[in-house]
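Structure record follows, encoded as C-alpha coordinates.
Lettering follows sequence order; numbering is per chain, from 1. Just so it is clear, the model here is predicted, and its values are computed rather than measured.
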2 protein chains.
Amino acid sequence: MGIFEKKDIRKTAFRQKVLDVFYQNENSITIGQIETAIGKHDRITLYRTIKTFLDAGLIHEIVMPGDVKKLALCNDCEHGPNEHAAHHQHNHIHFHCAQCQEVICVDNELPNIDLEGYQIDSIEIQARGVCASCL
Amino acid sequence: MGIFEKKDIRKTAFRQKVLDVFYQNENSITIGQIETAIGKHDRITLYRTIKTFLDAGLIHEIVMPGDVKKLALCNDCEHGPNEHAAHHQHNHIHFHCAQCQEVICVDNELPNIDLEGYQIDSIEIQARGVCASCL
DNA sequence: ATATTTTTGCAACATTGTTGCATTTTATGG
DNA sequence: CCATAAAATGCAACAATGTTGCAAAAATAT
Ligand SMILES: [Mn+2]
Ligand SMILES: [Mn+2]
Ligand SMILES: [Zn+2]
Ligand SMILES: [Zn+2]
(Lines give C-alpha, C1' and ligand atoms only; values in the text may rest on other atoms or scores of the structure.)
(Ligands and ions follow the chains in the order given, each with its own letter.)
Protein backbone atom coordinates (compact mmCIF):
# COMPACT_ATOMS: atom_id res chain seq x y z
CA MET A 1 0.00 0.00 0.00
CA GLY A 2 1.67 3.17 -1.22
CA ILE A 3 1.55 6.59 0.32
CA PHE A 4 -0.94 7.81 -2.29
CA GLU A 5 -3.56 5.20 -1.38
CA LYS A 6 -2.96 5.89 2.29
CA LYS A 7 -3.59 9.58 1.81
CA ASP A 8 -6.38 9.11 -0.71
CA ILE A 9 -4.96 11.18 -3.54
CA ARG A 10 -4.40 9.95 -7.04
CA LYS A 11 -1.03 8.59 -7.93
CA THR A 12 0.38 10.16 -11.07
CA ALA A 13 3.78 10.11 -12.73
CA PHE A 14 4.33 13.77 -11.93
CA ARG A 15 3.39 13.45 -8.27
CA GLN A 16 5.65 10.45 -7.86
CA LYS A 17 8.57 12.43 -9.26
CA VAL A 18 7.93 15.25 -6.82
CA LEU A 19 7.56 12.87 -3.90
CA ASP A 20 10.85 11.22 -4.84
CA VAL A 21 12.65 14.52 -4.41
CA PHE A 22 11.45 14.59 -0.82
CA TYR A 23 12.70 11.03 -0.25
CA GLN A 24 16.06 11.86 -1.80
CA ASN A 25 16.69 14.69 0.67
CA GLU A 26 17.29 14.17 4.34
CA ASN A 27 16.03 17.60 5.34
CA SER A 28 13.45 20.12 4.25
CA ILE A 29 13.65 21.45 0.68
CA THR A 30 12.65 24.54 -1.27
CA ILE A 31 10.32 24.69 -4.25
CA GLY A 32 13.37 25.76 -6.23
CA GLN A 33 15.17 22.54 -5.32
CA ILE A 34 12.20 20.52 -6.52
CA GLU A 35 12.11 22.44 -9.79
CA THR A 36 15.80 21.75 -10.38
CA ALA A 37 15.47 18.09 -9.49
CA ILE A 38 12.50 17.25 -11.69
CA GLY A 39 13.93 19.00 -14.72
CA LYS A 40 11.71 20.48 -17.41
CA HIS A 41 8.22 20.73 -16.03
CA ASP A 42 5.19 22.90 -15.61
CA ARG A 43 5.46 25.43 -12.81
CA ILE A 44 1.70 25.64 -12.30
CA THR A 45 1.27 21.90 -11.89
CA LEU A 46 4.04 21.85 -9.32
CA TYR A 47 2.33 24.52 -7.25
CA ARG A 48 -0.91 22.58 -7.41
CA THR A 49 0.86 19.35 -6.50
CA ILE A 50 2.39 21.00 -3.46
CA LYS A 51 -1.01 22.29 -2.39
CA THR A 52 -2.43 18.80 -2.82
CA PHE A 53 0.35 17.31 -0.71
CA LEU A 54 -0.15 19.97 1.95
CA ASP A 55 -3.90 19.39 2.10
CA ALA A 56 -3.37 15.64 2.23
CA GLY A 57 -1.02 16.05 5.20
CA LEU A 58 1.80 14.49 3.26
CA ILE A 59 4.12 17.44 3.69
CA HIS A 60 4.25 20.58 5.78
CA GLU A 61 5.45 24.05 5.10
CA ILE A 62 8.12 25.72 7.19
CA VAL A 63 8.44 29.50 7.21
CA MET A 64 11.65 30.52 8.92
CA PRO A 65 12.63 34.03 10.01
CA GLY A 66 14.03 35.91 7.04
CA ASP A 67 11.36 34.51 4.71
CA VAL A 68 13.13 31.21 4.17
CA LYS A 69 10.35 28.93 2.96
CA LYS A 70 10.78 25.17 2.99
CA LEU A 71 8.79 21.98 2.60
CA ALA A 72 9.23 18.74 4.50
CA LEU A 73 7.63 15.33 4.75
CA CYS A 74 5.26 14.91 7.66
CA ASN A 75 6.46 12.17 9.90
CA ASP A 76 5.46 12.87 13.46
CA CYS A 77 3.06 15.71 12.74
CA GLU A 78 -0.48 15.73 14.06
CA HIS A 79 -3.20 16.13 11.46
CA GLY A 80 -6.91 16.44 11.59
CA PRO A 81 -8.83 15.45 8.44
CA ASN A 82 -8.13 17.97 5.67
CA GLU A 83 -6.40 20.21 8.14
CA HIS A 84 -5.47 23.50 6.58
CA ALA A 85 -1.77 24.17 6.23
CA ALA A 86 -1.99 27.24 8.41
CA HIS A 87 -3.15 25.23 11.42
CA HIS A 88 -0.70 22.42 11.00
CA GLN A 89 0.60 20.95 14.24
CA HIS A 90 4.26 20.15 14.03
CA ASN A 91 5.45 18.52 17.14
CA HIS A 92 9.04 19.18 16.52
CA ILE A 93 11.34 22.16 16.39
CA HIS A 94 12.60 23.67 13.15
CA PHE A 95 16.27 24.32 13.26
CA HIS A 96 18.12 26.54 10.81
CA CYS A 97 21.84 25.90 10.64
CA ALA A 98 23.74 29.12 10.05
CA GLN A 99 26.59 27.16 8.51
CA CYS A 100 25.13 24.60 6.07
CA GLN A 101 21.86 26.56 5.76
CA GLU A 102 19.81 23.37 6.10
CA VAL A 103 16.47 23.62 7.83
CA ILE A 104 16.03 20.51 9.93
CA CYS A 105 12.97 19.06 11.64
CA VAL A 106 14.40 18.10 15.02
CA ASP A 107 12.40 15.50 16.87
CA ASN A 108 11.94 16.42 20.47
CA GLU A 109 9.39 17.37 23.07
CA LEU A 110 7.99 20.87 22.76
CA PRO A 111 8.27 22.84 25.99
CA ASN A 112 5.12 23.75 27.82
CA ILE A 113 4.36 27.41 27.28
CA ASP A 114 1.89 29.24 29.47
CA LEU A 115 0.82 32.83 28.85
CA GLU A 116 -1.23 34.42 31.63
CA GLY A 117 -4.66 35.31 30.24
CA TYR A 118 -4.16 33.64 26.86
CA GLN A 119 -5.54 30.34 25.64
CA ILE A 120 -2.84 28.55 23.67
CA ASP A 121 -3.96 25.96 21.13
CA SER A 122 -0.68 25.28 19.42
CA ILE A 123 2.87 26.52 19.30
CA GLU A 124 5.65 26.52 16.77
CA ILE A 125 9.34 26.94 17.50
CA GLN A 126 12.20 27.92 15.26
CA ALA A 127 15.77 27.72 16.41
CA ARG A 128 18.94 28.99 14.83
CA GLY A 129 22.52 27.99 15.40
CA VAL A 130 24.88 25.24 14.28
CA CYS A 131 23.54 21.77 13.54
CA ALA A 132 24.90 18.45 14.73
CA SER A 133 26.67 17.69 11.43
CA CYS A 134 28.42 21.07 11.30
CA LEU A 135 29.62 21.11 14.88
CA MET B 1 14.91 63.85 21.36
CA GLY B 2 12.79 62.00 18.86
CA ILE B 3 13.08 58.42 17.78
CA PHE B 4 14.73 59.43 14.49
CA GLU B 5 17.67 61.11 16.21
CA LYS B 6 17.95 58.22 18.59
CA LYS B 7 18.16 55.72 15.75
CA ASP B 8 20.28 57.99 13.53
CA ILE B 9 18.07 58.03 10.47
CA ARG B 10 16.72 61.13 8.77
CA LYS B 11 13.34 62.38 9.81
CA THR B 12 11.08 63.02 6.86
CA ALA B 13 7.39 63.74 6.51
CA PHE B 14 6.80 60.37 4.89
CA ARG B 15 8.65 58.40 7.55
CA GLN B 16 6.81 60.24 10.30
CA LYS B 17 3.48 59.28 8.72
CA VAL B 18 4.51 55.64 8.55
CA LEU B 19 5.78 55.67 12.12
CA ASP B 20 2.49 57.18 13.27
CA VAL B 21 0.61 54.18 11.91
CA PHE B 22 2.66 51.98 14.21
CA TYR B 23 1.88 54.23 17.18
CA GLN B 24 -1.82 54.23 16.33
CA ASN B 25 -2.03 50.46 16.50
CA GLU B 26 -1.65 48.47 19.65
CA ASN B 27 -0.45 45.33 17.90
CA SER B 28 1.57 44.35 14.87
CA ILE B 29 0.38 45.57 11.46
CA THR B 30 0.61 44.53 7.82
CA ILE B 31 2.12 46.56 4.99
CA GLY B 32 -1.41 46.69 3.58
CA GLN B 33 -2.66 48.38 6.73
CA ILE B 34 0.06 50.99 6.43
CA GLU B 35 -0.79 51.60 2.78
CA THR B 36 -4.45 52.12 3.65
CA ALA B 37 -3.63 54.40 6.58
CA ILE B 38 -1.23 56.76 4.79
CA GLY B 39 -3.50 57.16 1.77
CA LYS B 40 -2.11 58.00 -1.66
CA HIS B 41 1.58 57.26 -1.64
CA ASP B 42 4.46 55.64 -3.43
CA ARG B 43 4.69 51.88 -2.93
CA ILE B 44 8.43 51.77 -3.57
CA THR B 45 9.22 54.42 -1.01
CA LEU B 46 7.17 52.56 1.56
CA TYR B 47 9.14 49.38 0.99
CA ARG B 48 12.37 51.31 1.34
CA THR B 49 11.12 53.01 4.47
CA ILE B 50 10.26 49.66 6.02
CA LYS B 51 13.71 48.33 5.18
CA THR B 52 15.25 51.42 6.74
CA PHE B 53 13.19 50.95 9.89
CA LEU B 54 14.14 47.27 10.02
CA ASP B 55 17.84 48.00 9.60
CA ALA B 56 17.67 50.72 12.23
CA GLY B 57 16.11 48.30 14.68
CA LEU B 58 13.01 50.44 14.95
CA ILE B 59 10.65 47.67 13.93
CA HIS B 60 10.79 43.93 13.47
CA GLU B 61 9.17 41.57 11.05
CA ILE B 62 6.97 38.70 12.16
CA VAL B 63 6.35 35.77 9.83
CA MET B 64 3.58 33.60 11.22
CA PRO B 65 2.57 30.13 10.01
CA GLY B 66 0.34 30.46 6.96
CA ASP B 67 2.50 33.24 5.53
CA VAL B 68 0.94 35.95 7.65
CA LYS B 69 3.52 38.71 7.56
CA LYS B 70 3.41 41.53 10.08
CA LEU B 71 5.50 44.42 11.35
CA ALA B 72 5.80 45.63 14.92
CA LEU B 73 7.69 48.26 16.89
CA CYS B 74 10.73 46.96 18.72
CA ASN B 75 10.37 47.51 22.40
CA ASP B 76 12.17 44.80 24.29
CA CYS B 77 14.08 43.33 21.37
CA GLU B 78 17.82 42.83 21.46
CA HIS B 79 19.79 44.43 18.64
CA GLY B 80 23.37 44.51 17.65
CA PRO B 81 24.48 47.44 15.45
CA ASN B 82 22.92 47.18 11.99
CA GLU B 83 21.65 43.73 12.82
CA HIS B 84 20.06 42.10 9.81
CA ALA B 85 16.34 41.47 10.06
CA ALA B 86 16.83 37.73 9.60
CA HIS B 87 18.85 37.45 12.78
CA HIS B 88 16.67 39.63 14.89
CA GLN B 89 16.36 38.58 18.51
CA HIS B 90 12.85 38.96 19.76
CA ASN B 91 12.63 38.13 23.36
CA HIS B 92 8.94 37.69 23.38
CA ILE B 93 6.43 35.25 21.94
CA HIS B 94 4.30 36.07 18.92
CA PHE B 95 0.71 35.15 19.49
CA HIS B 96 -1.88 34.83 16.72
CA CYS B 97 -5.46 35.09 17.93
CA ALA B 98 -7.72 32.81 15.90
CA GLN B 99 -10.68 35.04 16.76
CA CYS B 100 -9.63 38.68 16.22
CA GLN B 101 -6.72 37.66 13.96
CA GLU B 102 -4.39 40.08 15.72
CA VAL B 103 -0.75 39.10 16.01
CA ILE B 104 0.45 40.20 19.42
CA CYS B 105 3.95 40.49 20.85
CA VAL B 106 3.49 38.96 24.29
CA ASP B 107 6.10 39.96 26.81
CA ASN B 108 7.39 36.99 28.71
CA GLU B 109 10.41 34.84 29.38
CA LEU B 110 11.35 32.50 26.57
CA PRO B 111 11.72 28.90 27.75
CA ASN B 112 15.13 27.33 27.71
CA ILE B 113 15.40 24.95 24.78
CA ASP B 114 18.14 22.38 24.61
CA LEU B 115 18.69 20.12 21.62
CA GLU B 116 21.19 17.31 22.11
CA GLY B 117 24.06 17.83 19.70
CA TYR B 118 22.92 21.21 18.40
CA GLN B 119 24.27 24.62 19.29
CA ILE B 120 21.34 27.01 19.64
CA ASP B 121 22.04 30.71 19.17
CA SER B 122 18.51 32.04 19.15
CA ILE B 123 14.95 30.84 19.16
CA GLU B 124 11.64 32.21 17.99
CA ILE B 125 8.23 31.07 19.19
CA GLN B 126 4.81 31.50 17.63
CA ALA B 127 1.68 30.59 19.50
CA ARG B 128 -1.89 30.33 18.31
CA GLY B 129 -5.12 30.41 20.25
CA VAL B 130 -7.42 32.99 21.76
CA CYS B 131 -6.02 36.24 23.08
CA ALA B 132 -6.77 37.91 26.42
CA SER B 133 -9.21 40.41 24.92
CA CYS B 134 -11.21 37.75 23.09
CA LEU B 135 -11.50 35.32 26.00
C1' DA C 1 -13.42 -0.70 -23.47
C1' DT C 2 -16.09 3.13 -22.25
C1' DA C 3 -17.54 6.55 -19.16
C1' DT C 4 -16.43 9.58 -15.31
C1' DT C 5 -13.47 12.17 -12.69
C1' DT C 6 -9.25 14.31 -11.79
C1' DT C 7 -4.99 16.18 -13.29
C1' DT C 8 -2.25 18.57 -16.52
C1' DG C 9 -0.47 22.29 -19.57
C1' DC C 10 -1.00 26.66 -21.45
C1' DA C 11 -2.09 31.52 -21.41
C1' DA C 12 -3.12 35.20 -18.97
C1' DC C 13 -3.19 37.59 -14.77
C1' DA C 14 -2.21 39.10 -9.73
C1' DT C 15 0.62 40.17 -5.89
C1' DT C 16 4.69 41.38 -3.81
C1' DG C 17 8.94 43.20 -3.90
C1' DT C 18 13.42 45.21 -6.32
C1' DT C 19 16.67 48.30 -9.17
C1' DG C 20 18.42 52.40 -11.76
C1' DC C 21 18.21 57.03 -12.23
C1' DA C 22 16.72 61.87 -12.27
C1' DT C 23 14.49 65.10 -9.02
C1' DT C 24 13.32 66.76 -4.50
C1' DT C 25 13.90 67.09 0.36
C1' DT C 26 16.61 67.24 4.44
C1' DA C 27 20.59 68.30 7.17
C1' DT C 28 24.89 71.14 7.68
C1' DG C 29 27.56 75.06 8.42
C1' DG C 30 29.35 79.57 6.96
C1' DC D 1 19.43 82.61 5.71
C1' DC D 2 21.61 80.75 1.74
C1' DA D 3 24.73 77.49 -0.52
C1' DT D 4 26.25 72.88 -0.39
C1' DA D 5 26.34 68.00 0.28
C1' DA D 6 23.99 63.90 1.39
C1' DA D 7 20.08 61.20 1.51
C1' DA D 8 15.19 60.22 0.37
C1' DT D 9 11.70 60.22 -3.05
C1' DG D 10 9.00 59.17 -7.37
C1' DC D 11 8.76 57.07 -11.65
C1' DA D 12 9.44 53.40 -14.92
C1' DA D 13 10.77 49.11 -15.72
C1' DC D 14 11.64 44.67 -14.13
C1' DA D 15 11.67 40.19 -11.32
C1' DA D 16 9.98 36.55 -8.41
C1' DT D 17 6.28 34.02 -6.82
C1' DG D 18 1.90 32.42 -6.98
C1' DT D 19 -3.19 32.06 -8.95
C1' DT D 20 -7.29 31.28 -12.23
C1' DG D 21 -9.98 29.60 -16.32
C1' DC D 22 -10.25 26.34 -19.60
C1' DA D 23 -9.39 22.69 -23.07
C1' DA D 24 -6.69 18.38 -23.53
C1' DA D 25 -4.74 14.35 -21.39
C1' DA D 26 -4.33 10.87 -17.87
C1' DA D 27 -6.10 8.07 -14.23
C1' DT D 28 -9.77 5.48 -12.11
C1' DA D 29 -14.29 3.11 -12.06
C1' DT D 30 -17.95 0.38 -14.31
MN1 LIG E 1 3.29 17.81 9.09
MN1 LIG F 1 12.84 44.01 17.41
ZN1 LIG G 1 9.16 20.13 10.28
ZN1 LIG H 1 7.18 40.89 18.24
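Among C:dA27, C:dT7, D:dT9, the nucleotide with an atom closest to any side-chain atom of B:T12 is D:dT9. Comparing D:dT28, D:dA8, D:dT9 by their closest approach to the side chain of B:F14 singles out D:dT9. Comparing D:dG10, C:dG9, D:dA8 against the side chain of A:D42 picks out C:dG9 as the nearest.
Contact annotation: side chain of B:R10 to base of C:dT26, donor-acceptor pair present below 3.5 Å.
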Discussion item. I'd like to know whether B:C131 forms a side-chain contact (heavy atoms from CB on, under 4.5 Å) with B:C100, so could you lay out the CA-CA distance, the side-chain angles of the two residues, the decisive distance to 0.1 Å, and finally the verdict.
Written reply: CA-CA 8 Å; B:C131 78; B:C100 65; 3.9 Å; yes
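The closest donor-acceptor contact from the side chain of A:H92 to the backbone of A:H90 lies at 3.5 Å or more, if one exists at all.
In B:E26, the CD atom is not crowded: 12 or fewer heavy atoms of neighbouring residues, nucleotides or ligands sit closer than 6.0 Å. More than 12 heavy atoms of other residues, nucleotides or ligands shown are found within 6.0 angstrom of CD on B:Q101.
Salt bridge A:K69/A:E61: present, at least one basic N to carboxylate O contact under 4.0 Å.
Each end of the helix from C:dA1-D:dT30 to C:dG30-D:dC1 gets its own axis from five base pairs, and the two axes differ in direction by 40°, given to 10 degrees.
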Item to complete: Summarise protein proximity over nucleotides 14-21 of chain D in one line of letters, 5' to 3': B for base, S for sugar-phosphate only, - for none, counting protein heavy atoms closer than 4.0 Å.
Response: ---SBBBB
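Looking at heavy-atom distances under 4.0 Å, A:T52 makes no contact with the nucleic acid at all.
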